[in-house]
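What follows is a set of notes on a single structure, which appears directly below.
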Amino acid sequence: MNIFKKIKTYNKHGRRVVNDPFHKNTIEKTKLELKKTPKRTEVINFLLSLFQRETCYLEIGVRNPEHNYNHINADTKYSVDPGVEYKEKSIDFKMTSDSFFDKLNKNEILAKDIKFDVIFIDGLHLAAQVDLDIKNSLDHIKDDGFIVLHDCNPPTEWHAREEYQYTNSPASGYWNGTTWKAFLKSRSDSGLYSCCIDTDWGVGILSKKHPIGNSIKNTNPFYEYKVLDENRKESLNLISFSELKKILA
Ligand SMILES: C[S@@+](CC[C@H](N)C(=O)[O-])C[C@H]1O[C@@H](n2cnc3c(N)ncnc32)[C@H](O)[C@@H]1O
């Protein structure tokens with residue numbers, strides 16, 4: 001059978017309808033993920049609410065601040081974004097996360113010894129960059145603080161593609177990138193506890209102090225998507241928001 005004949009069909013309006021199993025499955029998984037609650041904002045606000053003190057929040061990668069940043073309840077907040085996708089004027093530090101941490105370490109911005117209660121990493125979603133963002137954040141997070149990462153649980157390999165611009169994939173414009181690889185790498189750091197809330201494309205959490213999940217031996221040395229998919233729950237320590245609340249109560 002000619003596979004291309006089976007895949008490419010057109011509806012009565014002349015629109016391309018793709019009916020191969022990869023597209024169908026990916027469209028279903030996208031729909032399922034979009035329905036999940038709570039969103040990242042609620043998870044971050046819950047973590048901030050645990051501190052009985054004035055809180056300080058840092059968001060790396062903001063895009064439209066109305067989507068998350070403006071709704072975060074912290075006493076002091078700082079935003080970092082080079083403005084690649086959204087020309088937001090009210091960003092505190094209009095630069096890449098690398099430049100931000102470099103300037104911070106050189107004492108050129110804020111106070112050199114500033115520590116944050118929660119750092120939300122949601123900038124460039126490629127593993128090497130996220131890994132750097134995690135390393136830098138670990139130097140500037142309070143001992144009992146939380147590092148939160150968006151997009152740690154891509155539902156299909158098409159969501160986990162490296163190329164953001166390619167929207168003709170079964171995941172269309174939805175993109176989690178390869179953040180999951182950096183998160184999985186951190187899961188094998190014996191100095192860190194971690195879990196991933198099964199909502200909003202996977203809200204990963206790292207903590208030096210709170211026992212939200214023990215580190216694991218990395219059984220996916222080549223960071224292959226299929227291996228992640230087969231061991232998703234254990235690999236990411238995928239838990240629900242209510243489970244997290246119980247652990248931290
Ligand atoms: C997924 S959006 C952020 C969404 C936002 N945090 C939210 O919750 O709605 C990613 C943002 O990261 C920014 N970005 C891209 N490369 C970056 C980098 N190297 N450092 C910091 N931010 C970056 C982009 O400009 C974009 O606005």
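Scope of the values below: all heavy atoms of this structure, side chains included, with no hydrogens, waters or symmetry mates. Start at 1 and go down the list; that is how both ligands and their atoms are numbered.
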closest protein heavy atom to atom 16 (N) of ligand 1 is Leu124 CB, 3.6 Å

Identify, for atom 11 (C) of ligand 1, the protein heavy atom at the shortest distance, and state residue, atom and that distance.
Asp81 OD2, 3.6 Å

Can you pull out the closest protein heavy atom to atom 22 (N) of ligand 1? Residue, atom name and distance to 0.1 Å, please.
Pro82 CD, 3.2 Å

Taking the six-membered ring for Trp, are Phe241 and Phe46 closer than 6.0 Å centroid to centroid?
yes

Between His150 and ligand 1, find which residue part has any heavy-atom pair under 4.0 Å and reply side chain, backbone, both or neither.
neither

Taking the minimum heavy-atom distance to atom 4 (C) of ligand 1, which of Ile44, Thr179, Asp122 ranks first?
Asp122

Can you pull out the closest protein heavy atom to atom 19 (N) of ligand 1? Residue, atom name and distance to 0.1 Å, please.
Thr96 CB, 3.7 Å

What's the spacing between Leu238 CG and Asn231 CG if we round to 0.5 Å?
12.0 Å

Centroid-centroid under 6.0 Å between His210 and Phe146 rings:
yes

For Glu59, atoms of ligand 1 separated by under 4.0 Å from a heavy atom:
5 (C), 6 (N)

In this structure, SG of Cys152 is separated from CD1 of Ile197 (nearest 0.5 Å) by 10.5 Å

For the residue pair Tyr57 and Tyr69, categorise the inter-ring angle as parallel (less than 30°), tilted (30 to 60°) or perpendicular (more than 60°).
tilted

What atoms of ligand 1 come within less than 4.0 Å of a heavy atom belonging to Ser97?
18 (C), 20 (N), 21 (C)

Logged contact type for Asn64 with ligand 1, heavy-atom cut-off 4.0 Å, is neither

among protein heavy atoms, the one nearest atom 9 (O) of ligand 1 is Arg40 NH2, 3.0 Å

Backbone N or O of Arg161 within a donor-acceptor pair of the Trp175 side chain at under 3.5 Å?
yes

Could you give me the CA-CA distance, side-chain angles and deciding distance for Ile60 and Asn136, then say whether side-chain contact (heavy atoms from CB on, under 4.5 Å) is met?
CA-CA 11 Å; Ile60 296 170; Asn136 282 320; over 6 Å; no

Could you tell me whether Phe120 approaches ligand 1 through its side chain, its backbone, both or neither, with non-hydrogen atoms closer than 4.0 Å?
side chain

Check ligand 1 against His67 and write out every atom of the ligand that is under 4.0 Å from a heavy-atom position of the residue.
9 (O)

Does Glu33 come within less than 4.0 Å of Lys36, counting only side-chain N to carboxylate O?
yes

